[in-house]
Amino acid sequence: MTASAKFSLVYTSSPELDFVHPPPSTKLGFAKFRTTSIGYLRNMTSTSKNLAPIKAMEGSRMPSYVEVKPNGHAVTNDSNDTILHKSLANGMESDNIVWHKSSVDKIDRQELLQQKGCVIWITGLSGSGKSTVACALTGALHARGKLTYILDGDNVRHGLNRDLTFKSEDRAENIRRVGEVAKLFADAGVICIASVISPYRKDRAACRSILPDGDFIEVFMDIPLCVCEARDPKGLYKLARAGKIKGFTGIDDPYEAPLNSEIVLRQEGEVCPPPETMAEKVISYLEEKGYLQA
Ligand SMILES: Nc1ncnc2c1ncn2[C@@H]1O[C@H](COP(=O)(O)OS(=O)(=O)O)[C@@H](OP(=O)(O)O)[C@H]1O
Ligand SMILES: Nc1ncnc2c1ncn2[C@@H]1O[C@H](COP(=O)(O)OP(=O)(O)O)[C@@H](O)[C@H]1O
């Protein structure tokens with residue numbers, strides 16, 4: 001039997017899975033997914049299409065239920081298990097990759113920090129106030145003793161994503177990387193604030209899909225283009241209107257507004273609320289959902 005499923009491993013001794021080889025007591029084996037899930041497994045190169053590699057965890061919590069979702073991600077009923085949340089990523093180019101589980105997990109880190117890790121994803125046009133709200137939010141949470149970290153589009157493009165342009169494939173890759181890094185921060189127990197235009201719905205949806213349910217909190221800066229353009233703090237709209245920047249979001253490149261954000265921040269009539277007021281709205285949401293305690 002060959003281990004050639006083209007994505008990462010499910011760690012389980014779930015009774016829902018039919019162990020075919022070797023028995024669950026051994027470290028590495030194969031799990032047979034329930035037939036309802038088989039059709040969802042993507043990128044399988046195995047000749048036996050309903051087999052995915054599994055590895056039993058020694059001395060760790062074991063989930064009793066594993067489901068493979070249509071997007072190819074695995075989820076379990078064990079919300080404490082970071083491995084089992086969506087570890088079957090699509091598009092993995094390497095075979096034979098085995099997840100190494102640490103003895104300190106997300107729950108331990110959250111207890112240490114007295115908060116829950118999550119991603120606050122601020123999306124909106126350039127000039128809509130993403131970075132300003134991100135700063136107000138990080139400041140207010142820091143003052144309350146909460147650990148946060150901002151991943152700002154402009155900043156990340158100075159380092160990790162310096163190789164990327166603004167054409168649609170590169171924006172998608174930019175968002176994918178920011179999403180993956182944000183996921184790591186959330187797993188670390190940090191409240192990660194991503195402030196990126198992220199103009200395409202499918203890219204935002206992909207970032208949402210790699211996080212446990214509820215942990216991706218989308219904040220839409222619903223500020224009209226004319227307001228953003230009037231602000232134009234970097235003079236980029238002016239350059240875009242003059243044709244000196246091509247493919248500028250909102251001018252000659254699309255922005256797909258969210259349809260169902262957890263939080264929408266908008267003007268009240270002609271007046272934009274101060275950033276601190278906007279940040280408070282996000283904090284109220286976090287409080288209500290229990291993210292500000294372990
Ligand atoms: N063509 C084009 N379109 C949009 N924005 C542009 C462009 N070229 C440069 N910039 C500047 O880059 C910042 C946006 O980077 P992001 O990584 O957030 O963009 S994206 O999510 O990949 O679309 C954005 O920063 P913000 O104004 O803070 O949004 C701009 O200053
Ligand atoms: N709530 C607000 N009310 C008024 N002006 C704001 C507000 N938030 C941001 N601004 C101003 O709008 C401009 C763009 O804000 P910024 O945070 O850089 O937007 P983005 O990160 O979306 O490009 C800045 O000049 C900033 O001072």
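In each ligand, atom 1 is the first atom listed, and ligand 1 is the first ligand listed. Given the structure is predicted, the values throughout are model-derived calculations rather than measurements.
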For Ser126, the ligand 2 atoms whose distance to one of its heavy atoms is below 4.0 Å:
23 (O)
Ligand 1 atoms nearer than 4.0 angstrom to some heavy atom of Val196 are 18 (O)
Run the side-chain donor-acceptor check on residues 268-290: report pairs under 3.5 Å with partners two or more places apart or on a different chain.
{"from": "Lys281", "atom 1": "NZ", "to": "Val264", "atom 2": "O", "distance (Å)": "3.0"}
{"from": "Ser284", "atom 1": "OG", "to": "Glu280", "atom 2": "O", "distance (Å)": "3.0"}
{"from": "Glu287", "atom 1": "OE2", "to": "Arg144", "atom 2": "NH2", "distance (Å)": "2.4"}

I'd like to know if Asn174 contacts ligand 1, where contact means a heavy-atom distance under 4.0 Å to any ligand atom.
yes
Just to be sure I read this right, does ligand 2 sit under 4.0 Å from the backbone of Ser128, its side chain, both, or neither, counting only heavy atoms?
both
Between the candidates Thr123, Thr132, Thr249, which shows the shortest non-hydrogen contact distance to atom 18 (O) of ligand 2?
Thr132
Below 4.0 Å, non-hydrogen atoms only: which portion of Phe166 touches ligand 1? Side chain, backbone, both or neither.
side chain
Are side-chain heavy atoms of Gln115 and Tyr291 found at a separation under 4.5 Å?
no
What do we get for Arg231 next to ligand 2 when only non-hydrogen atoms under 4.0 Å count, side chain, backbone, both or neither?
side chain
Got an N/O contact under 3.5 Å between Ser195 and ligand 1?
no
Apply ring pair (Phe, Tyr, Trp, His ring centres under 6.0 Å) to Phe248 and list each qualifying residue two or more places apart in sequence or on a separate chain.
Tyr237
Between Ser195 and ligand 2, which residue portion shows a heavy-atom distance shorter than 4.0 Å: side chain, backbone, both, or neither?
neither
Mind checking whether Ile197 has an N or O less than 3.5 Å away from an N or O of ligand 1?
yes
Can you tell me which portion of Leu236 lies within the under-4.0 Å heavy-atom range of ligand 1? Options are side chain, backbone, both, or neither.
side chain
Quick check: does Gly247 get an N/O under 3.5 Å from an N/O on ligand 1?
yes
Please identify which atoms of ligand 1 are closer than 4.0 Å to at least one heavy atom of Ser126.
26 (P), 27 (O), 29 (O)
Of the choices Lys246, Arg177, Lys234, which has the non-hydrogen atom that lies closest to atom 28 (O) of ligand 1?
Lys234
Any atom of ligand 2 sitting under 4.0 Å from a heavy atom of Pro273?
yes
Within ligand 1, which atoms have a heavy atom of Ile175 less than 4.0 Å away?
21 (O)
What are the atoms of ligand 2, with element, lying closer than 4.0 Å to any heavy atom of Cys272?
1 (N), 2 (C), 3 (N)
Examine the side chains of Asp203 and Ser198 and answer whether a donor and an acceptor come within less than 3.5 Å of each other.
no
Under 3.5 Å: N/O of Asp152 near N/O of ligand 1
no
May I ask you to identify, for Leu125, whether its side chain, its backbone, both or neither come under 4.0 Å of ligand 2 on a heavy-atom basis?
backbone
